[in-house]
Peer 1: 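My structure is below; once you've seen it, I'll send some questions.
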Amino acid sequence: MQLIDGKAIAQRINEQTRTAVAQLKSNGITPGLAVVVVGDDPASHAYVRSKERTAADLGMHSVKIEMPAATTQEQLLAEVHRFNADPAIHGILVQSPPPKHIDERAIVEALDPRKDVDGFHPVNVAKVAMGDPDAFVPCTPLGCQRLLIESGIETAGANVVVLGRSMIVGKPMAFLLMNKGRGGDATVTVAHSRTKNLAAVCAQADILIAAIGQPEFVKANFVREGAVVIDVGINRVTDRTSPKGSKLVGDVAFAEVAPKCRAITPVPGGVGPMTIAMLMHNTVLAAQRAGR
Ligand code: NDP
């Protein structure tokens, strides 16, 4: 069984990004990333901190804006418009989820698609669906695809089951895998909460990608002997043995599933680090495209 070390792969990709940043800088362009977080959700703040820190560490211009929970739609839109117009900013990210009174879709649609490094703007969603190489691809599915490529796992002709159909992970993941080319050309099934005989459907997969947000839901009977399993889930559960009183687990019951697998990602240390590495990669792409 191969343990796919997302942390090590993400570090390698970040080093490539660091080189690309240095190259851009020598041409007078410093890639700039603006991250905006509204409200006081601790997980959102942790994600944003880590994105800002990584961008700065790789030599980028990195701006973090923290806005109070009472921020209005207009105030947040004004921030987005300001960054859209700022030539020093190539990538803009508004951390999800915003407080309930904010219309997240309107915020995403206000982004300049050329700065939408999260890949959530409808223009980029359409480009991903069309297999357009100019798309900004959402970072988590892009990271999963890259993990497969870097681990030498062939997707062409493979039966892949994507478990989950969100706009952030499941749907774009399915498009990437079915599109033509490297890391694609797969036969893709998308399963979700209305899927019948879910375990049997998943057990058909050569490659199973779990993104449902249900702790350790995928059990051994969901997985074919010799399958590859990519676990996107990040779930905090109670753990009395840990000093914190909690721990992170994936959507896959790792202990019982791993022995059946040809390869599997751990949680943490699998998909998570790749998401940030792909955000940095997308920001460099945005800066390169702006400089063209
Ligand atoms: P969403 O809640 O938006 O979507 C979950 C999807 O899973 C839905 O399509 C839902 O089906 C499906 N689902 C939920 N429960 C079941 C079930 N019991 N059986 C079958 N299908 C089910 O989640 P996200 O896609 O945003 O995130 C999924 C997971 O990935 C979460 O744990 C999240 O924390 C993690 N994540 C990790 C990231 C990383 O960087 N590693 C980044 C983003 C997310 P339906 O549509 O029918 O309701």
Side-chain angles (χ1 to χ4, degrees), residues 4-7 9-10 13-14 35 37 41-51 54 93-98 100 104-105 108 117-120 125 128 136-148 160-177 188-205 208-219 221-223 229-237 246-254 257 264-282:
I4 299 176
D5 186 346
K7 205 169 161 196
I9 296 172
I13 292 167
N14 281 339
V35 291
V37 60
D41 174 49
S44 290
H45 279 268
Y47 288 138
V48 159
R49 250 196 320 276
S50 140
K51 288 166 184 175
T54 310
L93 175 154
V94 181
Q95 184 64 44
S96 184
K100 289 211 173 12
E104 189 171 13
R105 187 160 162 189
V108 168
V117 284
D118 254 346
F120 297 159
V125 175
V128 169
F136 282 111
V137 180
C139 303
T140 301
L142 185 61
C144 293
Q145 184 187 45
R146 191 70 185 266
L147 276 182
L148 292 170
V160 181
V161 174
V162 178
L163 183 49
R165 57 174 164 180
S166 74
M167 289 308 297
I168 295 178
V169 191
K171 274 190 202 167
M173 187 77 252
F175 277 122
L176 290 186
L177 290 160
V188 181
T189 303
V190 181
H192 46 76
S193 68
R194 305 297 299 272
T195 299
K196 283 186 191 154
N197 303 323
L198 188 60
V201 169
C202 292
Q204 299 287 317
L208 174 63
I209 300 183
I212 55 174
Q214 306 287 338
E216 302 186 316
F217 181 87
V218 173
K219 303 283 193 286
N221 62 322
F222 282 60
V223 177
V229 174
I230 305 290
D231 188 353
V232 182
I234 301 180
N235 309 290
R236 188 162 286 285
V237 295
S246 69
K247 63 173 179 178
L248 291 180
V249 297
D251 289 342
V252 176
F254 186 89
V257 168
I264 185 168
T265 59
V267 176
V271 175
M274 291 299 287
T275 297
I276 296 188
M278 291 299 114
L279 175 69
M280 302 301 133
H281 165 86
N282 279 352

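Both ligands and their constituent atoms are indexed starting at 1 by order of listing. The model shown is predicted, which means the values in this text are computed figures rather than measured ones.
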Peer 1: Just need the protein heavy atom nearest to atom 17 (C) of ligand 1, so name the residue and atom and give the distance.
Peer 2: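 So the nearest neighbour among protein heavy atoms is Phe217 CZ, 4.0 Å.
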
Peer 1: Could you tell me, atom by atom, which parts of ligand 1 come under 4.0 Å of a heavy atom of Val232?
Peer 2: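 Answer for ligand 1: 30 (O), 35 (C), 36 (N), 37 (C), 41 (N).
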
Peer 1: In the structure I gave you, are the side-chain heavy atoms of Val249 and Ile234 within less than 4.5 Å of one another anywhere?
Peer 2: no

Peer 1: Provide the number and element of each atom of ligand 1 under 4.0 Å from a heavy atom of Leu198.
Peer 2: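 In order of numbering, the contacting atoms are 19 (N), 20 (C).
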
Peer 1: What atoms of ligand 1 come closer than 4.0 angstrom to any heavy atom of Thr275?
Peer 2: 39 (C), 40 (O)

Peer 1: Contact between Ile209 and Leu177 at the side-chain level, heavy atoms closer than 4.5 Å - yes or no?
Peer 2: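 Touching, per the 4.5 Å side-chain cut-off.
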
Peer 1: Could you check atom 9 (O) of ligand 1 against the protein and tell me its nearest heavy-atom contact, residue, atom and distance included?
Peer 2: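 Result for atom 9 (O) of ligand 1: Arg165 N, 2.8 Å.
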
Peer 1: Is any side-chain heavy atom of Val94 closer than 4.5 Å to a side-chain heavy atom of Val108?
Peer 2: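 Not in contact.
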
Peer 1: Looking at non-hydrogen atoms alone, which of Ser193, Gly170, Ala211 comes nearest to atom 21 (N) of ligand 1?
Peer 2: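 Checking each option, the heavy atom nearest atom 21 (N) of ligand 1 is found in Ser193.
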
Peer 1: Do Ile13 and Arg146 come close enough that some side-chain heavy atom pair is under 4.5 Å?
Peer 2: yes

Peer 1: Under the side chain to side chain donor-acceptor pair (under 3.5 Å) criterion, do Gln204 and Thr189 qualify, and how do the steps go?
Peer 2: CA-CA 10 Å; Gln204 299 287 317; Thr189 303; over 6 Å; no

Peer 1: Out of all atoms in ligand 1, which are within 4.0 Å of some heavy atom of Gly213? Include the element for each.
Peer 2: 28 (C), 29 (C), 31 (C), 32 (O)

Peer 1: So if I count the atoms of ligand 1 from 1 in the order they appear, which ones are less than 4.0 Å from some heavy atom of Gly164?
Peer 2: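 The list of qualifying atoms is 6 (C), 7 (O), 9 (O).
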
Peer 1: Among Pro138, Ser166, Pro268, which residue places a heavy atom closest to atom 4 (O) of ligand 1?
Peer 2: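 It is Ser166 whose heavy atom sits nearest to atom 4 (O) of ligand 1.
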
Peer 1: side-chain contact (heavy atoms from CB on, under 4.5 Å) with Val218: which of Val252, Val229, Leu198, Asp231?
Peer 2: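 Testing Val218 for a side-chain contact (heavy atoms from CB on, under 4.5 Å) against Val252, Val229, Leu198, Asp231 leaves exactly one candidate, Val252.
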
Peer 1: Any non-hydrogen side-chain atom of Val160 less than 4.5 Å from a side-chain atom of Leu208?
Peer 2: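 A side-chain contact under 4.5 Å is absent here.
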
Peer 1: Within 4.0 Å of atom 2 (O) of ligand 1 (strictly less), any protein heavy atom?
Peer 2: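 So far as the 4.0 Å threshold goes, atom 2 (O) of ligand 1 is out of reach of every protein heavy atom.
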
Peer 1: Does a side-chain heavy-atom distance below 4.5 Å link Phe217 with Phe222?
Peer 2: yes

Peer 1: Looking only at protein heavy atoms, which one is nearest to atom 44 (C) of ligand 1, and how far off is it?
Peer 2: Val169 CG2, 4.0 Å

Peer 1: State whether the shortest distance between N or O atoms of Ile234 and N or O atoms of ligand 1 falls below 3.5 angstrom.
Peer 2: yes

Peer 1: Is there a side-chain contact between Ile9 and Met274 in this structure, where contact means two heavy atoms from C-beta onward sitting under 4.5 Å apart?
Peer 2: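 Ile9 vs Met274: side chains touch.
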
Peer 1: Considering Val249, Ile212, Thr195, which one's heavy-atom position lies nearest to atom 22 (C) of ligand 1?
Peer 2: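 Checking each option, the heavy atom nearest atom 22 (C) of ligand 1 is found in Ile212.
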
Peer 1: Could you check whether any side-chain heavy atom of Glu216 comes within less than 4.5 Å of a side-chain heavy atom of Asp251, counting everything from C-beta outward?
Peer 2: no

Peer 1: Using a heavy-atom cut-off of under 4.0 Å, does the side chain or the backbone of Gln214 touch ligand 1, or both, or neither?
Peer 2: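 For Gln214, only side-chain atoms sit under 4.0 Å from ligand 1.
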
Peer 1: Find all atoms of ligand 1 within a distance of less than 4.0 Å from any non-hydrogen atom belonging to Asn235, and give their numbers and elements.
Peer 2: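 Per the distance check, 32 (O).
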
Peer 1: Nearest protein heavy-atom contact for atom 42 (C) of ligand 1: which residue, which atom, what distance?
Peer 2: Thr140 OG1, 3.2 Å

